[in-house]
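Atoms within a ligand are numbered from 1 in the order they appear, just like the ligands themselves.
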Amino acid sequence: MATLTIPKPKDCYMYDYVIVGAGFAGAVSANLLATHHNKKVLVIEKRVHIGGNCYDEVDENGIVVHRYGPHLFHTSSKEVWEYLSRFTEWTPYEHKVLAHIHGKNVPIPFNFNTIEALFEPTHAKQFIQKLSQHYPQNAKIPILELQKNPDEDLQQLSNFIYENLFVHYTAKQWGVSPHEIDSAVTARVPILIGRDDRYFNDTFQAIPKHGYTKLFEALLYHPNITVELNKDFLTEVCWQEKRIGFRNDFTCKIIYTGAVDELFGYCFEALPYRSTDMVFETMDQAYFQEAATINYPNDHDYTRITEFKHIHPNLSPKTTILKEYPKEHCKEITVPYYPIFNDKNQEQYTQYMQKAQHFSNLTLIGRLAEYRYYDMDDIVLRALNTVGIA
Ligand code: UDP
């Protein structure tokens with residue numbers, strides 16, 4: 001496939017759409033508008049690369065790394081899978097995660113195998129029997145639900161899981177307890193009534209064969225699409241009462257995928273996000289750990305270590321690992337990785353959303369623009385549904 005060339009900047013009025021951000025929300029929207037609606041699209045990206053937080057590259061050891069944290073593609077949407085499959089081949093990949101608990105690396109989501117790894121056999125059998133009596137096979141029970149079960153054994157088990165898997169990890173990740181964040185967050189990693197050790201159980205699970213960056217190049221490679229990298233939309237944005245403009249042009253439609261509070265100059269205060277320091281290390285050994293990701297709920301300041309060779313196999317005698325240190329987001333300084341979803345923040349977001357609705361040529365799509373904890377496939381689906389295949 002030909003490489004993406006970045007044409008010289010042109011005046012905005014030549015475009016039907018200006019799309020802010022070249023992550024999944026922006027790249028899929030641009031592709032749909034260019035290919036299915038025959039629109040001329042300008043994509044403005046403030047980073048020096050496309051792909052948003054999915055950006056991957058080959059590091060100095062020849063190993064493919066995900067610069068903004070591990071991205072494992074999984075979806076149960078046939079529509080999303082088929083759409084993306086036009087732009088990449090896939091390598092089948094099912095993500096396995098272990099958690100370091102009481103000195104052992106045990107599988108999560110917490111399941112029957114985890115119970116047997118952590119408890120002596122009689123006790124383990126009792127817990128498994130109780131779970132099987134109370135819940136259907138393969139059910140996924142959020143920890144905050146399991147804690148409501150009055151059965152004495154299940155109380156003991158849920159307290160153990162809460163204390164050893166969730167409470168300290170969540171404190172590191174979000175700075176609060178699991179009860180202070182939206183219950184959907186911890187429900188992403190439920191207790192599984194069975195032995196499925198996979199981190200996700202979606203129908204389609206794979207990694208783009210030539211990496212995410214190549215997938216984005218293919219999405220954006222179209223004569224109707226111009227990409228400008230290293231350009232901050234906000235330095236050239238302009239406003240009228242009911243329209244948003246770019247480079248003094250108010251005729252284009254604008255799809256904005258960045259942080260909505262930043263777009264409006266934090267007029268209703270900054271929305272809270274969590275950020276993460278991504279610390280990469282090279283180890284002078286072929287492999288460092290036994291799984292792609294090991295979570296450390298109770299030890300260290302980092303939440304997890306990911307070893308990329310498990311995701312992108314490679315014969316290098318060295319290996320690259322990533323430690324993630326969550327921290328508070330500092331506006332315009334750190335990367336806003338995770339919106340903090342709770343009622344108060346949602347209300348604050350609603351104010352921004354209502355303000356955005358005053359601008360007839362503005363659409364917000366994506367994790368930051370919609371202040372939602374979207375996975376990659378959710379964002380692709382949002383773009384497919386919003387822009388549409390003509
Ligand atoms: N979580 C936890 N312990 C774990 C894994 C997850 O407490 O070992 C909680 C934590 O609150 C986390 C949430 O479950 O933020 C969702 O985890 P997930 O792995 O889906 O987070 P992501 O990969 O999006 O960072």
Original post:
Apart from Val64 itself, what residues make up its hydrophobic cluster, given side-chain heavy atom links below 4.5 Å?
Top reply: Val58
**OP:** Could you verify whether a donor N or O on one side chain and an acceptor N or O on the other, from Thr226 and Glu228, lie under 3.5 Å apart?
**Re:** no
**OP:** Enumerate the protein residues lying less than 4.0 Å from ligand 1, judged by heavy-atom distances, in chain and residue-number order.
**Re:** Ile108, Leu165, Phe166, Tyr169, Thr170, Gln173, Trp174, Val185, Thr186, Arg188, Val189, Tyr199, Asn295, Arg304, Tyr338, Tyr373
**OP:** List, by chain and number, the other hydrophobic cluster members for Val279, where Ile, Leu, Val, Met, Phe, Trp and Tyr join if side-chain heavy atoms come within less than 4.5 Å, directly or indirectly.
**Re:** Leu98, Met283, Phe288, Ile294, Tyr296, Tyr302, Ile305, Ile321, Tyr325
**OP:** Take the angle between the ring planes of Trp81 and Trp90 and call it parallel below 30°, perpendicular above 60°, tilted in between.
**Re:** parallel
Original post:
Restricting to pairs with a member in residues 351-369, which pass side-chain hydrogen bond (donor to acceptor under 3.5 Å, both in side chains), not counting sequence neighbours?
Top reply: Arg243-Ser360
Original post:
Is Asp249 paired with Arg247 through a side-chain N to carboxylate O contact shorter than 4.0 Å?
Top reply: no
